[in-house]
Amino acid sequence: MKTPPESFLLFKEELRKAQLEKERLKKEYENKLADVNQELARLKEQIRSQQDMMRTTLEYASNLEVRLEQFKDEVNRSENQRKKTLY
């Protein structure tokens with residue numbers, strides 16, 4: 001059996017190097033993609049937390065508003081009662 005031509009051996013070696021480089025790039029891409037997905041998950045969690053904080057703040061403000069209205073009504077009733085008793 002004849003030995004393959006030198007150009008074929010060079011081509012085969014270059015092909016092997018290209019495949020190794022392709023694998024290296026694939027692993028690098030997968031690692032970067034995993035990092036980006038992890039960061040995205042962290043950001044989603046932060047957004048959820050901030051939404052919960054905003055929701056809680058709005059509920060608290062609404063409750064304060066209701067309580068303030070109740071207090072105003074109570075003060076008005078108290079003043080009306082006071083006026084009625086004076087006259």
Side-chain angles (χ1 to χ4, degrees):
M1 180 156 204
K2 286 172 127 182
T3 59
E6 188 176 329
S7 61
F8 175 77
L9 295 175
L10 290 173
F11 174 76
K12 190 174 177 181
E13 181 63 24
E14 289 299 316
L15 182 61
R16 188 183 67 76
K17 286 180 185 178
Q19 288 173 336
L20 289 174
E21 180 66 10
K22 180 181 170 184
E23 282 298 315
R24 185 189 69 77
L25 290 173
K26 182 180 176 184
K27 286 179 185 176
E28 184 179 330
Y29 169 78
E30 288 172 351
N31 288 339
K32 285 184 181 181
L33 186 59
D35 290 343
V36 167
N37 284 336
Q38 185 177 11
E39 181 70 13
L40 183 61
R42 190 178 66 79
L43 290 173
K44 283 181 180 179
E45 180 59 34
Q46 284 182 342
I47 289 170
R48 253 187 256 113
S49 295
Q50 289 174 352
Q51 286 175 334
D52 288 343
M53 285 175 31
M54 289 175 66
R55 190 176 299 112
T56 302
T57 302
L58 287 172
E59 287 173 3
Y60 180 72
S62 294
N63 288 340
L64 283 178
E65 189 175 25
V66 168
R67 288 174 57 197
L68 181 61
E69 285 298 319
Q70 290 172 347
F71 182 70
K72 284 180 182 177
D73 291 343
E74 189 178 318
V75 168
N76 286 337
R77 275 188 304 235
S78 176
E79 285 179 4
N80 287 340
Q81 284 289 354
R82 198 189 70 198
K83 286 179 184 178
K84 286 180 181 178
T85 56
L86 289 177
Y87 299 111

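Throughout, numbering of the chain's residues begins at 1 and tracks the sequence.
Atom-to-atom distance recorded for Asn80:CG and Asp73:CG is 10.5 Å, nearest 0.5 angstrom.
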Exercise for the section: Quick one: do Glu79 and Arg82 satisfy salt bridge (charged side-chain N to carboxylate O under 4.0 Å, His left out)? Show the steps, please. Expected result: CA-CA 5 Å; Glu79 285 179 4; Arg82 198 189 70 198; 5.9 Å; no
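Legend: side-chain hydrogen bond (donor to acceptor under 3.5 Å, both in side chains) pairs involving residues 50-71, not counting sequence neighbours, sorted by first then second residue: Asp52-Arg55.
In summary, Glu28 and Arg24 engage in a salt bridge, as defined by a charged side-chain N under 4.0 Å from a carboxylate O.
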Name the atoms and distances for all side-chain donor-acceptor pairs under 3.5 Å in residues 34-47, with sequence neighbours left out.
unit_1: Asn37; atom_1: ND2; unit_2: Leu33; atom_2: O; d: 3.4
unit_1: Glu39; atom_1: OE1; unit_2: Arg42; atom_2: NE; d: 3.4
unit_1: Glu39; atom_1: OE1; unit_2: Arg42; atom_2: NH2; d: 3.4
unit_1: Glu39; atom_1: OE2; unit_2: Arg42; atom_2: NH2; d: 2.6
unit_1: Glu45; atom_1: OE1; unit_2: Arg48; atom_2: NH1; d: 3.0

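Between Glu30 and Lys26 there is a side-chain heavy-atom pair separated by less than 4.5 Å.
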